[in-house]
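Shown next, in structure tokens, is the structure this report addresses.
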Amino acid sequence: MHEFCYKNNIVCCEDVPLTEITREYPTPFYLYSYRTLIDHFRKIRDAFKEADPLICFSMKSNSNLNICKALIKEGAGLDIVSGGELYIALKAGCPPEKIVYASVGKTEREIERAIRKNILFFNVESTPELIMIDSVARRLRKRPKVALRLNPDVKADTHDYITTGTRGKKFGIDFKSAEDIFDNANKYSNVRLKGLHVHIGSQITDVEPFVAAISKVVDFVEKSSIEIEWLNIGGGFGIVYGEEKARTAAEFADAILPLVKHRPFKLIIEPGRFIAGNSGVLVCKVLYVKAGSAGGDFAIVDAGMNDFIRPSLYNAYHEILPVVKRKSNPRKYDVVGPICESGDYLALGREFPEVVADEYLAVMGTGAYGYVMSSNYNSRPRPAELMVMNGEVRQIRRAETYADLIRGEKILKEFR
Ligand code: PLP
């Protein structure tokens, strides 16, 4: 459920018609519903409340300060994957003891900074990384907490690029190596080995892969009689973009809770998409309609793969709604952007009521892995981000300007 729907034939965000917003703000822009964001956070929190987990919002899905602040205010921690995310997390006011840090490639500097800031723990992805954290900790005379990220070799039915829990993927540590690490914990005396982590991928719409992966980890804990303080079961809860069968937070929780409740460890979950995905849309304008696409016509819009890359990168399906619903004959369109790549599209062969130039379209479900994956490709400034909160539209990030495109560049003296 989300708060973007037609009212009097106009897509509204909560109660604000998008036509009011397009009058004031140039397209393209991302638009979020505060109410939807909070509602989805609470749905997860309430569904898992029997295990009283720390919910670390996966800020890679949306790292806007206001989005993070809104969730932190609700009690969320943050799952980070870089020094940049640590910086933003702290700027957003996240208590360090609610920050967990994954990533297969943490640099020495990133590790040092996170140790100095006293984050809750690192999710360690390899033995060499553990050695690095241990050595930085020794130098700093600190004893940070770490959790080993296990690779349970469980396949999730999702796009290969966002599958992370199978053998051969770069993520996590196999059970045998993890056991060796626990057996030789005294070799890593500058860290406190306090937890386990598992995250098998993103946009997983079935409960079975979660159950399979978490069962393997819990069995591992029992068989090797290790003591852990934290079990972090990652994120990955899928949402409805198109035809997927919706799983509610309660359905995910009902399947997972029996495995993790009443255990001698605390639970962490790291959802990103489930909280942010359907709380945002990308609004763009049709520039031209051109005949001759393979599937019908081209609707050429002012948002491209630099603004929103999921369709180009993963062939992801996103529903697209004309902001004003008009009565016209349906036609098939390739909705394409202005970027000089044939892979620059938002939808292919999609049937809509006939669209015309200057008409606005809302690309649905773009609140997660939307703005954060945008770029300046083709020297296009990144779009603004807006949020409807308490019935008002607020800008939470301005659109970039042309000057932003060369910010940071230095002209060599030879060219001055
Ligand atoms: N945790 C880790 C370690 C991740 O890599 C990701 C994303 O891939 C997430 C959590 C969040 O995943 P999702 O947005 O699907 O919930």
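Atom set for the values below is all heavy atoms of this structure, side chains included, hydrogens, waters and symmetry mates excluded. Throughout, residue positions are numbered sequentially from 1 according to the sequence presented. We count ligands from 1, going down the list as the structure has it; atoms in each ligand are counted the same way.
For the pair Y369 and ligand 1, a heavy-atom separation below 4.0 Å is found. Using a 4.0 angstrom heavy-atom cutoff, G236 counts as in contact with ligand 1. Heavy-atom separations between G234 and ligand 1 are all 4.0 Å or longer.
Each of the atoms 3 (C) of ligand 1 lies under 4.0 Å from some heavy atom of R149. Those atoms of ligand 1 with a heavy atom of G235 less than 4.0 angstrom away are 10 (C), 16 (O). Residue contact check: D79 has heavy atoms under 4.0 Å from atoms 1 (N), 2 (C), 10 (C) of ligand 1. When each atom of ligand 1 is checked for a heavy atom of P271 under 4.0 Å away, the hits are 16 (O).
Closest to atom 15 (O) of ligand 1 by heavy atom, among S58, S202, G277, is S202.
Side chains of N376 and E400: a donor-acceptor N/O pair is present below 3.5 angstrom, by distance only. At a cut-off of 3.5 Å, with distance as the only test, a side-chain donor of N62 or Y32 sits close to an acceptor on the other residue.
Annotation: cation-pi pair R310/Y241 present, NZ/CZ under 6.0 Å from the ring centroid and within 45° of its normal.
Taking the six-membered ring where tryptophan is involved, the planes of F4 and H2 are tilted, since the angle between them lies from 30° to 60°. Classification of the F352-Y333 ring pair by plane angle, with boundaries at 30° and 60°, yields tilted.
For ligand 1, one of its N or O atoms has an N or O atom of G272 under 3.5 Å away. For ligand 1, one of its N or O atoms has an N or O atom of E270 under 3.5 Å away. Considering backbone and side-chain atoms alike, H197 places every N or O at 3.5 Å or more from each N or O of ligand 1.
At a heavy-atom distance under 4.0 Å, only side-chain atoms of H199, from C-beta outward, approach ligand 1.
Proximity of the aromatic rings of H318 and F308 is defined here by a centroid distance below 6.0 angstrom, and this criterion is met.
The closest donor-acceptor contact from the side chain of T366 to the backbone of L282 lies under 3.5 Å.
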Donor-acceptor contacts, no H, no angles, side chain residues 209-222, under 3.5 Å, sequence neighbours left out:
unit_1, atom_1, unit_2, atom_2, d
S215, OG, V211, O, 2.5
K216, NZ, P152, O, 2.8
E222, OE2, R263, NH1, 2.6

